[in-house]
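Let me begin by presenting the structure, written as C-alpha coordinates, before commenting on it.
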Amino acid sequence: WDDLGDTSYTYQWVGTFNHQDCIGSFAGAWNGTISNCVSYATVYGRNNVGGIAGFKGQSMRDCIINDCAFYGNIIATGNHVGGILGNGYTASSAPGSPCATIENCYATGNIKGADCVGGIFGGEGGVQGTANNGIGRVRNNYFSGKVSATDGSYVGGIIGFMKSMNRYNDVRNNYFVEGCGADKGIGRIEKLIDKDSGNFLQYQHFGRDDDPLQSEAVTKKIAQAQLTDGTLKDLLNSGKFGRSDWQQGEEYPVFGNEKHVTGIKSYDFESNPEKSLNTGDDYSKLYDYTITVRYSDGTSETIKASEGE
(Lines give C-alpha, C1' and ligand atoms only; values in the text may rest on other atoms or scores of the structure.)
Protein backbone atom coordinates (compact mmCIF):
# COMPACT_ATOMS: atom_id res chain seq x y z
CA TRP A 1 0.00 0.00 0.00
CA ASP A 2 2.28 2.69 -1.29
CA ASP A 3 3.30 4.27 -4.57
CA LEU A 4 4.64 2.35 -7.56
CA GLY A 5 6.10 3.86 -10.69
CA ASP A 6 8.39 3.70 -13.68
CA THR A 7 8.08 -0.04 -14.16
CA SER A 8 7.64 -2.24 -17.23
CA TYR A 9 6.68 -5.91 -17.16
CA THR A 10 7.60 -7.95 -20.22
CA TYR A 11 7.01 -11.51 -19.00
CA GLN A 12 4.59 -13.69 -20.88
CA TRP A 13 1.70 -14.25 -18.47
CA VAL A 14 0.30 -13.38 -15.04
CA GLY A 15 -2.12 -15.42 -12.93
CA THR A 16 -3.57 -18.91 -13.23
CA PHE A 17 -6.35 -19.48 -15.71
CA ASN A 18 -9.79 -20.09 -14.19
CA HIS A 19 -8.71 -20.24 -10.54
CA GLN A 20 -7.46 -16.95 -9.11
CA ASP A 21 -9.33 -13.77 -8.20
CA CYS A 22 -7.88 -10.28 -7.84
CA ILE A 23 -5.11 -10.38 -10.41
CA GLY A 24 -3.16 -7.63 -12.17
CA SER A 25 0.25 -7.16 -13.75
CA PHE A 26 1.54 -5.12 -10.81
CA ALA A 27 -0.92 -5.72 -7.97
CA GLY A 28 -3.95 -7.75 -6.98
CA ALA A 29 -5.51 -5.66 -4.20
CA TRP A 30 -4.14 -2.14 -4.42
CA ASN A 31 -4.15 1.10 -2.41
CA GLY A 32 -1.81 3.96 -3.26
CA THR A 33 -0.74 5.38 -6.61
CA ILE A 34 0.59 3.49 -9.62
CA SER A 35 2.24 5.77 -12.18
CA ASN A 36 4.31 5.36 -15.35
CA CYS A 37 3.93 1.60 -15.52
CA VAL A 38 3.64 -0.49 -18.69
CA SER A 39 2.62 -4.13 -19.12
CA TYR A 40 2.73 -6.43 -22.16
CA ALA A 41 1.56 -9.49 -20.20
CA THR A 42 -1.31 -11.86 -20.84
CA VAL A 43 -3.25 -11.74 -17.57
CA TYR A 44 -5.32 -14.78 -16.56
CA GLY A 45 -7.82 -14.94 -13.70
CA ARG A 46 -11.40 -15.14 -12.61
CA ASN A 47 -12.98 -12.13 -10.81
CA ASN A 48 -11.50 -8.64 -10.30
CA VAL A 49 -8.87 -8.86 -13.00
CA GLY A 50 -7.09 -5.85 -14.49
CA GLY A 51 -4.22 -5.16 -16.85
CA ILE A 52 -2.43 -3.04 -14.24
CA ALA A 53 -4.18 -3.91 -10.94
CA GLY A 54 -7.00 -6.18 -9.82
CA PHE A 55 -9.14 -4.09 -7.47
CA LYS A 56 -9.17 -1.47 -4.71
CA GLY A 57 -8.09 -3.31 -1.60
CA GLN A 58 -9.11 -1.07 1.33
CA SER A 59 -12.19 1.08 1.65
CA MET A 60 -10.99 4.59 2.53
CA ARG A 61 -7.45 4.77 1.16
CA ASP A 62 -6.76 6.05 -2.34
CA CYS A 63 -6.64 3.74 -5.32
CA ILE A 64 -5.10 5.81 -8.14
CA ILE A 65 -3.63 4.71 -11.46
CA ASN A 66 -2.25 7.30 -13.85
CA ASP A 67 0.05 7.48 -16.86
CA CYS A 68 -0.02 3.71 -17.40
CA ALA A 69 -0.36 1.60 -20.57
CA PHE A 70 -1.50 -1.99 -21.04
CA TYR A 71 -0.51 -3.61 -24.35
CA GLY A 72 -1.34 -7.17 -23.31
CA ASN A 73 -4.47 -9.30 -23.20
CA ILE A 74 -6.80 -10.39 -20.40
CA ILE A 75 -8.47 -13.80 -20.34
CA ALA A 76 -10.80 -13.99 -17.33
CA THR A 77 -13.67 -16.35 -16.56
CA GLY A 78 -15.45 -14.17 -13.99
CA ASN A 79 -16.79 -10.66 -13.49
CA HIS A 80 -15.32 -7.17 -13.14
CA VAL A 81 -12.54 -7.16 -15.67
CA GLY A 82 -10.81 -4.08 -17.08
CA GLY A 83 -7.87 -3.16 -19.28
CA ILE A 84 -6.35 -1.03 -16.49
CA LEU A 85 -8.28 -1.87 -13.28
CA GLY A 86 -10.74 -4.68 -12.64
CA ASN A 87 -12.91 -3.35 -9.81
CA GLY A 88 -13.24 -0.72 -7.12
CA TYR A 89 -13.98 -1.55 -3.48
CA THR A 90 -16.58 -4.29 -3.18
CA ALA A 91 -17.26 -5.13 0.50
CA SER A 92 -20.80 -4.35 1.68
CA SER A 93 -19.37 -2.91 4.91
CA ALA A 94 -18.35 0.31 3.10
CA PRO A 95 -21.04 1.18 0.52
CA GLY A 96 -19.89 4.82 0.53
CA SER A 97 -16.22 4.15 -0.15
CA PRO A 98 -14.46 6.69 -2.40
CA CYS A 99 -14.25 5.34 -5.93
CA ALA A 100 -11.04 4.50 -7.76
CA THR A 101 -9.24 7.00 -9.99
CA ILE A 102 -7.81 6.21 -13.45
CA GLU A 103 -6.34 9.07 -15.46
CA ASN A 104 -4.26 9.37 -18.62
CA CYS A 105 -4.10 5.64 -19.29
CA TYR A 106 -4.73 3.44 -22.30
CA ALA A 107 -5.17 -0.20 -23.24
CA THR A 108 -4.81 -1.73 -26.71
CA GLY A 109 -5.35 -5.49 -26.39
CA ASN A 110 -8.18 -7.98 -26.01
CA ILE A 111 -10.13 -7.80 -22.73
CA LYS A 112 -12.37 -10.80 -22.06
CA GLY A 113 -14.45 -11.69 -19.01
CA ALA A 114 -17.85 -13.15 -18.11
CA ASP A 115 -19.64 -9.87 -17.27
CA CYS A 116 -18.99 -6.29 -16.12
CA VAL A 117 -16.12 -5.86 -18.55
CA GLY A 118 -14.62 -2.54 -19.61
CA GLY A 119 -11.83 -1.53 -21.93
CA ILE A 120 -10.30 0.56 -19.14
CA PHE A 121 -12.23 -0.26 -15.95
CA GLY A 122 -14.42 -3.20 -15.03
CA GLY A 123 -16.24 -0.75 -12.79
CA GLU A 124 -17.44 -0.08 -9.27
CA GLY A 125 -19.23 -3.22 -8.19
CA GLY A 126 -19.90 -2.33 -4.55
CA VAL A 127 -20.10 1.44 -4.01
CA GLN A 128 -23.73 2.45 -3.65
CA GLY A 129 -23.20 6.19 -3.48
CA THR A 130 -20.00 7.98 -2.55
CA ALA A 131 -20.51 11.56 -1.37
CA ASN A 132 -18.35 13.54 1.06
CA ASN A 133 -15.72 10.80 1.31
CA GLY A 134 -13.93 11.76 -1.89
CA ILE A 135 -14.14 11.94 -5.65
CA GLY A 136 -13.43 9.04 -8.00
CA ARG A 137 -12.11 10.11 -11.40
CA VAL A 138 -11.94 8.28 -14.73
CA ARG A 139 -10.57 10.89 -17.12
CA ASN A 140 -8.57 11.24 -20.30
CA ASN A 141 -8.22 7.54 -21.07
CA TYR A 142 -8.68 5.58 -24.28
CA PHE A 143 -9.23 2.01 -25.39
CA SER A 144 -8.33 0.75 -28.87
CA GLY A 145 -8.57 -3.04 -28.47
CA LYS A 146 -11.42 -5.57 -28.30
CA VAL A 147 -13.68 -6.10 -25.29
CA SER A 148 -16.18 -8.92 -24.71
CA ALA A 149 -18.45 -10.38 -22.02
CA THR A 150 -18.95 -14.08 -22.57
CA ASP A 151 -21.75 -14.60 -20.03
CA GLY A 152 -23.56 -11.28 -19.71
CA SER A 153 -24.40 -7.94 -21.28
CA TYR A 154 -22.61 -5.36 -19.13
CA VAL A 155 -19.72 -4.43 -21.38
CA GLY A 156 -18.41 -0.94 -22.07
CA GLY A 157 -15.70 0.60 -24.19
CA ILE A 158 -14.43 2.37 -21.05
CA ILE A 159 -16.38 1.05 -18.00
CA GLY A 160 -18.31 -2.17 -17.70
CA PHE A 161 -20.61 -1.56 -14.72
CA MET A 162 -21.28 1.11 -12.10
CA LYS A 163 -23.28 0.17 -9.00
CA SER A 164 -24.19 3.84 -8.70
CA MET A 165 -23.15 7.15 -10.21
CA ASN A 166 -23.49 10.71 -8.94
CA ARG A 167 -21.66 14.02 -9.32
CA TYR A 168 -18.68 12.69 -7.34
CA ASN A 169 -17.98 10.19 -10.09
CA ASP A 170 -15.93 12.51 -12.29
CA VAL A 171 -15.92 10.56 -15.57
CA ARG A 172 -15.09 12.52 -18.73
CA ASN A 173 -12.89 12.86 -21.79
CA ASN A 174 -12.62 9.11 -22.38
CA TYR A 175 -12.55 7.52 -25.83
CA PHE A 176 -13.12 4.07 -27.32
CA VAL A 177 -12.88 2.87 -30.90
CA GLU A 178 -15.88 1.78 -32.93
CA GLY A 179 -15.97 -1.95 -33.55
CA CYS A 180 -14.27 -2.70 -30.23
CA GLY A 181 -17.16 -4.95 -29.13
CA ALA A 182 -19.05 -2.36 -27.05
CA ASP A 183 -21.73 0.00 -28.31
CA LYS A 184 -21.55 2.25 -25.25
CA GLY A 185 -18.76 3.72 -23.18
CA ILE A 186 -20.39 2.52 -19.94
CA GLY A 187 -22.13 -0.85 -20.04
CA ARG A 188 -24.63 -0.26 -17.22
CA ILE A 189 -25.35 2.12 -14.33
CA GLU A 190 -27.53 0.40 -11.72
CA LYS A 191 -28.45 3.57 -9.79
CA LEU A 192 -28.08 7.05 -11.26
CA ILE A 193 -28.59 9.94 -8.83
CA ASP A 194 -30.36 12.60 -10.88
CA LYS A 195 -33.50 14.74 -10.70
CA ASP A 196 -35.62 11.72 -11.63
CA SER A 197 -34.19 9.33 -9.04
CA GLY A 198 -36.99 9.99 -6.52
CA ASN A 199 -34.95 11.55 -3.73
CA PHE A 200 -34.73 15.33 -4.09
CA LEU A 201 -32.45 15.74 -1.06
CA GLN A 202 -29.92 13.33 -2.55
CA TYR A 203 -30.17 15.08 -5.89
CA GLN A 204 -29.69 18.49 -4.29
CA HIS A 205 -26.50 17.44 -2.53
CA PHE A 206 -24.82 15.14 -5.05
CA GLY A 207 -27.08 14.55 -8.03
CA ARG A 208 -26.07 14.79 -11.69
CA ASP A 209 -27.73 16.83 -14.44
CA ASP A 210 -26.41 14.80 -17.37
CA ASP A 211 -27.03 11.31 -18.73
CA PRO A 212 -23.59 9.65 -18.47
CA LEU A 213 -24.71 6.76 -20.66
CA GLN A 214 -25.35 9.15 -23.56
CA SER A 215 -23.03 12.10 -22.95
CA GLU A 216 -20.03 12.30 -25.29
CA ALA A 217 -18.32 14.47 -22.68
CA VAL A 218 -18.18 11.34 -20.50
CA THR A 219 -17.22 8.70 -23.07
CA LYS A 220 -17.05 9.09 -26.83
CA LYS A 221 -16.85 6.56 -29.63
CA ILE A 222 -14.29 7.42 -32.34
CA ALA A 223 -13.58 6.02 -35.79
CA GLN A 224 -10.65 3.66 -36.32
CA ALA A 225 -8.95 6.21 -38.59
CA GLN A 226 -8.93 8.77 -35.77
CA LEU A 227 -6.38 6.66 -33.90
CA THR A 228 -3.74 7.48 -36.48
CA ASP A 229 -4.71 10.79 -38.08
CA GLY A 230 -4.06 12.92 -34.99
CA THR A 231 -7.70 13.40 -34.00
CA LEU A 232 -7.55 11.30 -30.82
CA LYS A 233 -4.18 12.78 -29.88
CA ASP A 234 -5.64 16.27 -30.07
CA LEU A 235 -8.71 15.28 -28.07
CA LEU A 236 -6.55 13.83 -25.29
CA ASN A 237 -4.33 16.91 -25.24
CA SER A 238 -7.37 19.17 -24.94
CA GLY A 239 -8.36 17.71 -21.57
CA LYS A 240 -7.24 19.65 -18.48
CA PHE A 241 -6.44 16.54 -16.51
CA GLY A 242 -2.72 16.43 -15.90
CA ARG A 243 -0.94 16.02 -19.22
CA SER A 244 -0.97 17.65 -22.64
CA ASP A 245 2.04 15.92 -24.19
CA TRP A 246 0.38 13.02 -26.01
CA GLN A 247 2.28 12.22 -29.22
CA GLN A 248 1.07 10.49 -32.37
CA GLY A 249 2.46 6.96 -32.70
CA GLU A 250 2.23 4.72 -35.73
CA GLU A 251 -0.87 2.88 -34.48
CA TYR A 252 -2.29 5.13 -31.73
CA PRO A 253 -1.37 8.04 -29.43
CA VAL A 254 1.46 7.45 -26.98
CA PHE A 255 2.90 9.30 -24.01
CA GLY A 256 5.30 12.20 -24.50
CA ASN A 257 8.08 13.18 -22.12
CA GLU A 258 7.03 16.62 -20.90
CA LYS A 259 6.73 17.34 -17.19
CA HIS A 260 3.11 17.34 -16.08
CA VAL A 261 0.95 17.19 -12.98
CA THR A 262 0.26 13.68 -11.63
CA GLY A 263 -1.41 14.51 -8.32
CA ILE A 264 -2.85 17.29 -6.19
CA LYS A 265 -3.37 17.09 -2.42
CA SER A 266 -4.54 19.62 0.17
CA TYR A 267 -4.94 18.99 3.86
CA ASP A 268 -6.40 22.47 4.30
CA PHE A 269 -9.42 21.61 2.21
CA GLU A 270 -11.88 19.01 3.36
CA SER A 271 -12.64 16.23 0.94
CA ASN A 272 -15.80 17.97 -0.28
CA PRO A 273 -15.77 21.75 -0.92
CA GLU A 274 -19.48 21.92 -0.05
CA LYS A 275 -18.53 21.40 3.58
CA SER A 276 -16.52 24.63 3.55
CA LEU A 277 -18.64 26.95 1.42
CA ASN A 278 -22.11 27.16 0.04
CA THR A 279 -22.96 28.22 -3.47
CA GLY A 280 -22.71 31.99 -3.75
CA ASP A 281 -20.32 32.40 -0.80
CA ASP A 282 -17.10 34.39 -1.08
CA TYR A 283 -14.39 31.94 -2.14
CA SER A 284 -11.61 34.40 -1.34
CA LYS A 285 -11.59 33.14 2.25
CA LEU A 286 -9.96 29.95 0.88
CA TYR A 287 -7.19 31.70 -1.05
CA ASP A 288 -4.57 31.14 1.66
CA TYR A 289 -5.20 27.41 1.83
CA THR A 290 -2.20 25.40 0.61
CA ILE A 291 -2.13 22.77 -2.12
CA THR A 292 0.69 20.30 -2.79
CA VAL A 293 1.22 19.54 -6.48
CA ARG A 294 3.15 16.44 -7.55
CA TYR A 295 4.80 16.21 -10.98
CA SER A 296 5.75 13.39 -13.32
CA ASP A 297 9.49 13.87 -12.70
CA GLY A 298 9.05 13.10 -9.00
CA THR A 299 9.22 16.70 -7.81
CA SER A 300 6.51 18.55 -5.93
CA GLU A 301 5.69 22.08 -4.84
CA THR A 302 3.29 23.72 -2.43
CA ILE A 303 1.22 26.65 -3.65
CA LYS A 304 -1.64 28.73 -2.31
CA ALA A 305 -5.11 28.12 -3.67
CA SER A 306 -5.09 31.65 -5.11
CA GLU A 307 -2.14 30.68 -7.36
CA GLY A 308 -3.89 27.76 -9.04
CA GLU A 309 -6.09 27.78 -12.14
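In what follows, every heavy atom counts, from backbone to side chain, and hydrogens, waters and symmetry copies are set aside. Fair warning: this is a prediction, and the values are worked out from it, not measured in the lab.
The minimum heavy-atom distance between S144 and Y252, with the atom names listed, is OG-CD2, 4.1 Å. Nearest heavy atoms, G179 versus K146: O-NZ, 2.6 Å. Across all non-hydrogen atoms, the minimal contact from M162 to N169 is CE-ND2, 3.8 Å.
Using a 4.5 Å cut-off on side-chain heavy atoms (C-beta onward), S296 and R243 make no contact. Counting heavy atoms from C-beta on, the side chains of D170 and V138 never come closer than 4.5 Å.
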Can you give the donor-acceptor pairs under 3.5 Å from side chains of residues 181-196 to other protein atoms, not counting sequence neighbours?
unit_1, atom_1, unit_2, atom_2, d
K184, NZ, G187, O, 3.1
R188, NE, Y154, OH, 3.2
E190, OE2, K163, NZ, 3.0
D194, OD1, D196, N, 3.0
D194, OD1, S197, N, 3.1

Can you give each donor-acceptor pair under 3.5 Å made by side-chain atoms of residues 221-233, sequence neighbours left out, with the distance rounded to 0.1 Å?
unit_1, atom_1, unit_2, atom_2, d
Q226, OE1, A223, N, 2.8
T228, OG1, A225, O, 3.2
D229, OD1, T231, N, 2.9
D229, OD1, T231, OG1, 2.8
D229, OD2, T231, OG1, 3.4

Show me the donor-acceptor pairs, under 3.5 Å and distance only, between side chains in residues 210-218 and residues at least two apart or in other chains.
unit_1, atom_1, unit_2, atom_2, d
D210, OD1, R208, NE, 2.8
D210, OD1, R208, NH2, 3.3
D210, OD2, R208, NH2, 2.9
D211, OD1, L213, N, 3.1
S215, OG, A217, N, 3.2

Subject >> Residues T101, D62; criterion side-chain contact (heavy atoms from CB on, under 4.5 Å); working and verdict >> reply: CA-CA 8 Å; T101 288; D62 289 340; over 6 Å; no
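For the atom pair CD (Q202) and CD (Q204), the distance works out to 11.5 Å, reported to the nearest 0.5 Å. Distance CG/N140 to CD/E103: 8.0 Å, rounded to 0.5 Å. The NZ atom of K56 sits 10.5 Å away from atom CZ of R61, with the distance rounded to the nearest 0.5 Å.
The local environment of CD in E250 is sparse, with at most 12 non-hydrogen atoms from other residues, nucleotides or ligands closer than 6.0 Å.
A53 meets the side-chain contact (heavy atoms from CB on, under 4.5 Å) test with A27, W30, I34, I65, L85; sequence neighbours excluded. Taking the side-chain contact (heavy atoms from CB on, under 4.5 Å) definition, one finds that T299 meets it with K259, Y295, D297, sequence neighbours left out.
A donor-acceptor pair shorter than 3.5 Å can be found between the side chains of H260 and D67. Under the 3.5 Å distance criterion, with hydrogens and angles disregarded, a donor-acceptor pair is assigned to the side chains of N66 and S35. Counted by atom type alone, Y106 and N104 present zero donor-acceptor pairs between their side chains at under 3.5 Å.
A distance below 6.0 Å separates the ring centres of Y71 and Y40.
No side-chain donor-acceptor contact under 3.5 Å links T292 to the backbone of S300. Checked by atom type and distance alone, the side chain of T262 pairs as donor or acceptor with a backbone atom of R294 at under 3.5 Å. Panel note: side chain S39, backbone F70; no donor-acceptor pair is recorded below 3.5 Å.
Each side chain to side chain donor-acceptor pair (under 3.5 Å) pair with one or both residues in residues 79-93, not counting sequence neighbours, appears once here: N48-N87.
Put simply, V38 and Y142 are part of the same group of oily side chains (I, L, V, M, F, W, Y) that touch within less than 4.5 Å, one to the next.
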